[in-house]
Every structure is written in structure tokens, then in C-alpha cells.
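Here is the structure we will look at.
In this text the structure is predicted, and so the values were computed from the model without any measurement.
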Number of protein chains: 2
Amino acid sequence: MMIPSPDAHASVNGSLPRQRRTYSIGELARMFEVTPRTIRFYEQEGLLAPERRGQTRIYHEKDRVRLKLTLRGKRLGFSLAEIREVIEMYDAMPDGNARQLKRLLEILADKRANMERQLEDIRLMQRELDDVESRAREVLDRLARQDA
Amino acid sequence: MMIPSPDAHASVNGSLPRQRRTYSIGELARMFEVTPRTIRFYEQEGLLAPERRGQTRIYHEKDRVRLKLTLRGKRLGFSLAEIREVIEMYDAMPDGNARQLKRLLEILADKRANMERQLEDIRLMQRELDDVESRAREVLDRLARQDA
DNA sequence: GACGACGTTGACGTTAACGTAAAGTGGTTG
DNA sequence: CAACCACTTTACGTTAACGTCAACGTCGTC
């Protein structure tokens, strides 16, 4: 029998359990509850660019953060293409020309507007849920009293 | 020439412009900026069930509200199947049995949790946007001063 | 009575975001 | 060394949510 150990391919720095620097694809997949396939797909789509040690991919903090942001973006309904656009512009920022930067600001304003609408949608949806729930509880109460 | 008038198939109750009761598919489509195809698809998926006058569909307030809720749900990342599930349960509520109602409450709690996570995601995303934006503005400023 | 705008069904096409299967590599473990 | 993972690439399959096109009916209008 074996003590459940980290992946064979994971960085092995047993003396420094905090401050881990690298991750295997499987580790990352479990951390974010996605499949390795998904992570490779994101790379193929230009959202990640992990280091390579031979054949295998090595993910650093930067990659982990990117994946986190990507998944957050997805939960908010952004397409991978949109997310990539922002990432690319962000990376190109230091030496970006004015036109590129202004375009980036435009995109950001757009996303921001999207966020605002989503906030409103959520508020409205929460009211709907409240409403439906209270009605459901009413009916349940009636049923309970009928039984009694 | 013609004064832009409502659809030929729209309900014609010229003397009561407020309190309109019915809509054509085209009207609804324009109101919500979707195509008629989309609306027919939603019907096919069990999200709408408009009245029929002969061949053509007649939409009432109830249908309009459903469409509105459906689109809102979509913006929040729900699948049409999920939305339909809630709608069906809601319709079946008055004479629903206890098991069904409890299931409905479960689903609602689930949606609620989803909303909460989305709220958090939005907050985080907004901070990211703030961050990226301020960096972009910095770079732009530097460029401007260089030119001067 | 032809025309154009709007409506209908039916069928096939498309895109995004992965899933899945096959076939191979490389390290460790009993 | 054989078995067993975890990882790799390649390629084809799948699902949701419509788009698109054809072929047709039905108004109101010129």
C-alpha cells in the first residue's frame, strides 16, 4: 500500500512544502477541477504557454494565475477568444503602442459594462428566486396542514 | 410612403395603445434583439408555448415574461435545459406533490449558490480590470511624455 | 393580381469547448 | 524487468444553440 503521494512528475522539493513553484498538468487539473484535456486545449488556444521539460509541461505560478483568471472569465460567460484577446494585449502592454493601449481600454470598458449588466441580472434573478421559493413554501405548508 | 407601423400580423387594437396583449414573433424578436429562429427554437425546447391562430403564433404577456427570464438566465450562464427545468416545475407547482416541491427548493438553492459565486467572481474581475486599466494608463502617460 | 413583408415547417450546416480513444514515452516501484 | 502511473500527440466524436436555406402560405397594398 502507498501513502497518497503527489504526481510522479510533480516538482519534488520535499523540504519546502510552502513556496512550491511548479505544477504538473494533473495537479493543476485537480486544483481547478478540470481535466488535463481542458488545460491542453487552453494552451492550444493561446491562453497558456507552459515551460517544457522534454515532452512534459511545467506550470509556474504565472500559468496557474492565468488558468484561474481564464476559468473565472468563463464562469462570467466570456469566450476563450475574448479572454485570449485580453491576455495577449496585457502581455504586449509594456512595449505596446498608443493605439493598442487605447483598444485595450475600450475592451476593458466593454467588459465593465458587461459586469454591470450581470450585477443587475443577478439582483433581478435573486428576487425571482425569492419569489418562487416563497410560493413553493406556501404550497408545501398547505400540503402539510392538509395531512394533519 | 408609409408611417412605420407595427407588424402586419400584430394585434390591432388601435384604440388601446397601452395594455397591448399580444405580440407577433417578429415584434418579440426585435424587442429582445434575437431572431425569430431563436424564439421558435426556445419553443421547440419547451421554454415557450404560444397560442396559435391558424398557423401563426400569438404571444401574450406571459410568453414575453418567460422569454425575458430565459434570456436573463442565459446571460447568467444557465443552459436552456436548466431554465426549462425551473419553468416546468414552476408551472406544475399549484398541484405539485411534496417531493417535486422539495426538489424545486433544492434547485433554487443551487442557483442561489451559483449567483453568490458569480457575485464574488464579478468583484474579483472588477479589481483585475481596475488593475489592468491603471497599468495601461501609466504606459500611455509615459508615451505621451516621451512625445513631448 | 403581382409584389413585398411577414409568417410557417423541415432539414442541414456551423461554432465553441471540450470528450474520448489509440498509441506511444518515461519514471518508480515491487 | 514487468507492471503501473502520469504524461504525450493525433484525430475523430459530441453537444448546445442557434444560422441558413428552401419552399410555401397569407396578408395588405399599388
Assess, by modelled atom type and distance only, whether the side chains of E61(A) and Y23(A) contain a donor and an acceptor separated by less than 3.5 Å. yes
Atom CD1 of I25(A) and atom P of dG27(C) are separated, to the nearest Å, by 18 Å
Using whole Å, what does the distance between atom C1' of nucleotide dT15(D) and atom CG of L80(B) come to? 12 Å
Look only at the side chain of D91(B) and the backbone of E88(B), and say whether a donor-acceptor pair between them is shorter than 3.5 Å. no
May I have the distance from L71(A) (atom CG) to dC18(C) (atom C1'), rounded to whole angstrom? 13 Å
Return the nearest nucleotide to the side chain of S24(B); candidates are dC7(D), dG19(D), dG7(C). dG7(C)
When you get a sec, tell me which of dA17(C), dT9(D), dA17(D) is the closest nucleotide to the side chain of R52(A)? dT9(D)
Nearest-Å distance for atom pair CD/P, residues E82(A) and dA16(C): 12 Å
Mind calculating the distance between CD (E51(B)) and C1' (dT8(C)) to the nearest angstrom? 16 Å
Closest to the T38(B) side chain: dC18(D), dG7(C), dA17(C)? dC18(D)
Just N and O in the side chain of Y42(B): are any of them under 4.0 Å from OP1 or OP2 of dC18(D)? yes
Connecting only ILVMFWY residues whose side-chain heavy atoms lie within less than 4.5 Å of each other, what is the rest of L124(B)'s hydrophobic cluster? none
R53(A) CZ to dT8(D) P: how many Å, rounded? 14 Å
Rounded to the Å, how far apart are K74(B) NZ and dA16(D) C1'? 9 Å
Is there a path of hydrophobic side-chain contacts, each under 4.5 Å between heavy atoms, that joins L69(A) and L119(B)? no
Using only modelled atom types and a 3.5 angstrom limit, is any donor from either the side chain of R37(A) or the base of dT20(C) paired with an acceptor on the other? yes
Looking at R52(A), I'd like to know if its CZ atom is crowded, meaning that more than 12 non-hydrogen atoms belonging to other residues, nucleotides or ligands lie closer than 6.0 Å. yes
Among dG7(C), dA17(C), dG19(D), the nucleotide that comes nearest once only the side chain of F41(A) is considered: dA17(C)
I want to check one thing: is the phosphate of dG19(C), taken as OP1 and OP2, less than 4.0 Å away from some side-chain N or O of T35(A)? yes
Checking dA17(D), dT8(D), dG7(C) against the side chain of R40(B) (C-beta onward), the nearest is dG7(C)
Length of the CD-C1' vector between Q55(A) and dG24(C), whole Å: 10 Å
